[in-house]
Structures are given as structure tokens and as C-alpha cells.
Amino acid sequence: MKLSYYCNYCRKENYLKTKSHDRHGLLLELGTNEIENTCSNCNKTTTKHINRLHAEPNYKIIIGSLIVAALGTLLLWNYGFVSILSGTIPIAVWMDQNKKTSIFNKSRVK
């Protein structure tokens, strides 16, 4: 899951790195409702409230799981059903990313 916001000055999208999965965890991690970050495009400092952040699925993780599933399928091809089960890996990762994104976007802090 990636957190993003739009810069007040140049209107370009910027990304934040965090370990929390919801806004309340982010509030505990940061200790404040406001996030002060420098825009990667215009280099101006922007202050955003936690509720103004938007979460998106991290497609790098999903593509990585597709590669792992493809390698698993190739290695386990002769074992039958095990190779079919390896195809569920990217589906499970995709569903997990969407669930985390949905939880973050639905939650709000005061």
C-alpha cells in the first residue's frame, strides 16, 4: 500500500512511506495530525492533515507475486494440483492489497 497526496503548489502527486495500515496507526506513528513533507517536484514544503492522504495498492508487490507464482508453477508443473495452487498466490496478494487500501481510505481521525 502506498500513501499519496497532492502538492498545494504544483498539484503533482507525492508518496509517503509508512508501516501503518490505517490512519489511527499513522497518527500513533507520527504523533501529530499534520504531516509536513517536501514536494519531490517543486521542493516546497507542504503541510497536510492525515485525512487528506489517499492509499493506493502497491503494484510492485502484486507483480512480484505474479513472478513468484510463475516460477512456482514452472518448478512444480509435474506435481499436478500444486502448480494450480501456486496460481492463487497473486490473487491472495492482490486481495490483501485492496483490503488494506480500503481500510485506510475508509477510516478518519479527528
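Computed from a prediction, not measured in an experiment: that's the story for all the values here.
- The hydrophobic cluster around Tyr6 extends to none of the other residues, as no ILVMFWY side-chain heavy atom falls under 4.5 Å of it.
- In the hydrophobic cluster analysis, where Ile, Leu, Val, Met, Phe, Trp and Tyr join through side-chain heavy atoms closer than 4.5 angstrom, Ile91 is grouped together with Val93.
- Looking at Glu56 and Met1, their side chains never come closer than 4.5 Å, going by heavy atoms from C-beta outward.
- The line from CD1 of Ile50 to NE2 of His24 is 9.5 Å long, rounded to the nearest 0.5 Å.
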Residues 101-110 side chain polar contacts: donor-acceptor under 3.5 Å, at least two apart:
{"from": "Thr101", "atom 1": "OG1", "to": "Gln97", "atom 2": "O", "distance (Å)": "2.8"}
{"from": "Asn105", "atom 1": "OD1", "to": "Ala55", "atom 2": "N", "distance (Å)": "2.9"}
{"from": "Asn105", "atom 1": "ND2", "to": "Ala55", "atom 2": "O", "distance (Å)": "3.3"}
{"from": "Asn105", "atom 1": "ND2", "to": "Thr101", "atom 2": "O", "distance (Å)": "3.3"}
{"from": "Ser107", "atom 1": "OG", "to": "Ile103", "atom 2": "O", "distance (Å)": "3.4"}
{"from": "Ser107", "atom 1": "OG", "to": "Phe104", "atom 2": "O", "distance (Å)": "3.1"}
{"from": "Arg108", "atom 1": "NH1", "to": "Asn51", "atom 2": "O", "distance (Å)": "3.4"}

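- Taken from CG in Leu71 to CG in Leu66, the straight-line distance is 11.0 Å, to the nearest 0.5 Å.
- Placement of Leu3 and Ile62 in two distinct hydrophobic clusters is found when ILVMFWY residues are connected by side-chain heavy-atom separations under 4.5 Å, directly or transitively.
- Cluster membership check: Ile61 does not share its hydrophobic cluster with Ile63, using side-chain heavy-atom separations under 4.5 Å among Ile, Leu, Val, Met, Phe, Trp and Tyr.
- Of all the heavy atoms in Ser65 and Pro90, the pair that sits closest is OG-CA, 3.4 Å.
- Follow the hydrophobic side-chain contacts under 4.5 Å out from Ile67 and you never reach Ile89; the two are in separate clusters.
- Here NZ of Lys2 is found 7.5 Å from CD of Glu13. Values are rounded to the nearest 0.5 Å.
- For the atom pair CH2 of Trp94 and NZ of Lys99, the computed distance is 14.0 Å after rounding to the nearest 0.5 Å.
- Looking at heavy atoms from C-beta onward, Tyr5 lies out of side-chain contact with Arg52 at the 4.5 angstrom threshold.
- Pairing each heavy atom of Gly25 with each of Ser20, the nearest pair is C-CB, 3.5 Å.
- Identified under the side chain to side chain donor-acceptor pair (under 3.5 Å) test for residues 39-48, with sequence neighbours left out: Asn8-Lys48, Asn14-Ser40.
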